[in-house]
Chemist: 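First, the structure itself, so that you have it in front of you.
In this chain, numbering begins with 1 at the start of the sequence shown.
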Amino acid sequence: MAIEKIHIRGARLESEAVRFDCPDPDPSAPGLCLFLDILKERRIPIRSLSRSASGGPCFSHLCFSEKDEEAARAAAARPELKGRVKMAGRAGILSLFPHRGRLEILGAFVSALERAGAAPLFMSSSLASLTWGFHVHEMEAAVGAVRECFDAPAIGPPEGGMETEAVYMEPRIRIYGAREARRLSLFEMGMASGPGPCLSELGEMGADFEMAFIQSLPGREPRLFVFLKERWAREARRRMEGRGAGDFSGLSESASGADLLFFHGPHFKDRHGVAQAAFDVLKKSGVRLLAGSCSESTLYAAMPGGGLEKALPAVAASFEAPK
């Protein structure tokens, strides 16, 4: 039976990237913070970043453009980072845009990737796009999955890359703006459990997501993290559990809800120190970070419910947005 394709504006292939893992037993992630400080000092831009600590210890995944590989390797080799940062391999990058928080786009592509036998190494959402990383030898299968489930005008060639070289060390970092989302539910599931059809069903009902990312933890299957609005949490849990615990191993939902803060560009992937500044502000204001993600022009910071009340005054003092 033919699959009805979903219309998106396009997809983009990018040059290869190099991946680094940063495991931290401490949820406050001192290893990641130190690595980000060194990257800022050496002006090395991050292509994407994801950080999760919802279950206790923190695990972070960073991705750098191929042209920055040598510099990133040198930074990770600093003696103070021994045992804290390690190279995880290379990846091809594929971005889909726009997604507008539509779960059916996420669900359809996850299902198509499973049929194609392409396992994502990572994924980070921004407001505009979903950026995926795959083993280089699986990129052809991933492109085939795009063609199978999306009606896109074109799949663009690798981008030339922007050469924006700017370090933002002013007292208040300039951004386009920030948004808030409160009382969200965080779901975590194993990619091998086949979550695609359930996500698609929820999307067809009108559910959307606020933030999504995938991490590949050492020795474990890739994990998908999705933040849903509170009103969809019960239905999401009912549908996931209805498919059987074996299908959705590792499903979890934060009991008190989660708050989410979005920072908007410009071009965070080409600006040094923005992610570290945001994480530092939250840490100093006493807010525990459940998850963080940075891709394209959006930086996300998720915290336990009620955390925004403490975070917003500190954010306003450190970041400047247009009135």
Side-chain angles (χ1 to χ4, degrees), residues 24 26-29 32-33 36 48-60 99-103 106 123-128 130 172-173 175-189 202 207-215 223-237 251-265 268 274-321:
D24 258 310
D26 185 340
S28 67
L32 173 65
C33 293
L36 290 175
S48 68
L49 179 153
S50 62
R51 166 181 173 175
S52 64
S54 58
C58 180
F59 183 84
S60 303
H99 61 77
R100 299 190 179 93
R102 294 169 59 192
L103 269 176
L106 180 59
M123 182 271 287
S124 293
S125 65
S126 71
L127 288 180
L130 296 172
R172 297 180 72 207
I173 299 172
I175 57 175
Y176 286 158
R179 282 175 47 196
E180 310 158 21
R182 301 171 188 267
R183 297 199 58 80
L184 302 176
S185 291
L186 166 59
F187 289 90
E188 176 191 347
M189 60 205 80
L202 288 165
D208 53 9
F209 66 91
E210 293 288 350
M211 171 187 176
F213 65 94
I214 292 172
Q215 283 191 332
R223 313 292 294 171
L224 171 62
F225 299 79
V226 181
F227 287 82
L228 301 177
K229 292 183 174 68
E230 185 182 29
R231 66 176 179 270
W232 291 106
R234 182 173 296 180
E235 181 64 22
R237 177 173 285 280
L251 174 67
S252 66
E253 180 183 355
S254 60
S256 61
D259 289 348
L260 190 61
L261 187 60
F262 311 64
F263 298 81
H264 312 315
F268 283 161
V274 178
Q276 174 65 341
F279 295 155
D280 272 349
V281 166
L282 296 176
K283 183 178 180 180
K284 290 174 182 176
S285 62
V287 174
R288 181 170 68 90
L289 200 66
L290 291 175
S293 178
C294 183
S295 177
E296 296 288 346
S297 59
T298 309
L299 191 152
Y300 296 88
M303 60 204 76
L308 278 174
E309 306 309 319
K310 290 195 293 183
L312 288 176
V315 168
S318 300
F319 289 85
E320 179 180 342

Chemist: If I compare all heavy atoms of Val315 with all of Phe263, which pair ends up nearest, and what's the gap?
Modeler: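 Taking Val315 first and Phe263 second, the nearest heavy atoms are CG1-CE2, 3.8 Å.
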
Chemist: For Phe213 and Phe225, take the angle between the two ring planes, folded into 0 to 90°, and tell me which bin it lands in: parallel under 30, tilted 30 to 60, perpendicular over 60.
Modeler: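 Ring orientation, 0 to 90° scale: parallel.
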
Chemist: Mind running side-chain contact (heavy atoms from CB on, under 4.5 Å) on Leu312 and Leu261 for me, showing each step along the way?
Modeler: CA-CA 9 Å; Leu312 288 176; Leu261 187 60; 4.1 Å; yes

Chemist: Could you list the residues that satisfy side-chain contact (heavy atoms from CB on, under 4.5 Å) with Ala181, not counting sequence neighbours?
Modeler: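 For Ala181 the side-chain contact (heavy atoms from CB on, under 4.5 Å) partners, ignoring immediate neighbours, are Leu184, Glu210, Leu260, Phe262.
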
Chemist: CD/Gln276 to SG/Cys294 distance, rounded to the nearest 0.5 angstrom?
Modeler: 12.0 Å

Chemist: From Leu290 CG over to Phe227 CZ, what is the distance, rounded to the nearest 0.5 angstrom?
Modeler: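 Here the rounded value is 6.0 Å.
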
Chemist: With a 3.5 Å distance limit and no angle check, can you tell me whether Asp259 reaches the backbone of Ala302 through a side-chain donor-acceptor pair?
Modeler: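 The answer is no, because no donor-acceptor pair under 3.5 Å joins these two groups.
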
Chemist: Find the distance between OG (Ser50) and CE (Met211) and round it off to the nearest 0.5 Å.
Modeler: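 Going from the OG atom of Ser50 to the CE atom of Met211 covers 8.0 Å.
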
Chemist: When rounded to the nearest 0.5 angstrom, what distance separates CD1 in Ile214 from CG in Leu130?
Modeler: 9.0 Å

Chemist: Residues in side-chain hydrogen bond (donor to acceptor under 3.5 Å, both in side chains) with Ser125, at least two apart?
Modeler: none

Chemist: Does the Asp24 side chain pair with the main chain of Leu32, one donor and one acceptor, at a distance under 3.5 Å?
Modeler: yes

Chemist: Any non-hydrogen side-chain atom of Val281 less than 4.5 Å from a side-chain atom of Phe319?
Modeler: yes

Chemist: Residues in side-chain hydrogen bond (donor to acceptor under 3.5 Å, both in side chains) with Arg182, at least two apart?
Modeler: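 Arg182: side-chain hydrogen bond (donor to acceptor under 3.5 Å, both in side chains) contacts with Glu180, Glu309.
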
Chemist: Rounded to the nearest 0.5 Å, how far does CE of Met189 lie from CZ of Arg223?
Modeler: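 If we round to the nearest 0.5 Å, Arg223:CZ and Met189:CE are 9.0 Å apart.
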
Chemist: I'd like to check Asp280 versus Leu36 (side-chain heavy atoms, cut-off strictly below 4.5 Å). Are they in contact?
Modeler: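 Side chain of Asp280 against side chain of Leu36, heavy atoms only: no contact under 4.5 Å found.
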
Chemist: Check whether any side-chain N or O of Ser285 sits under 3.5 Å from a backbone N or O of Leu282 as a donor-acceptor pair, and report yes or no.
Modeler: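 Answer holds: yes.
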
Chemist: Nearest 0.5 angstrom please: Glu188 CD to Ser52 OG, how far?
Modeler: 7.0 Å

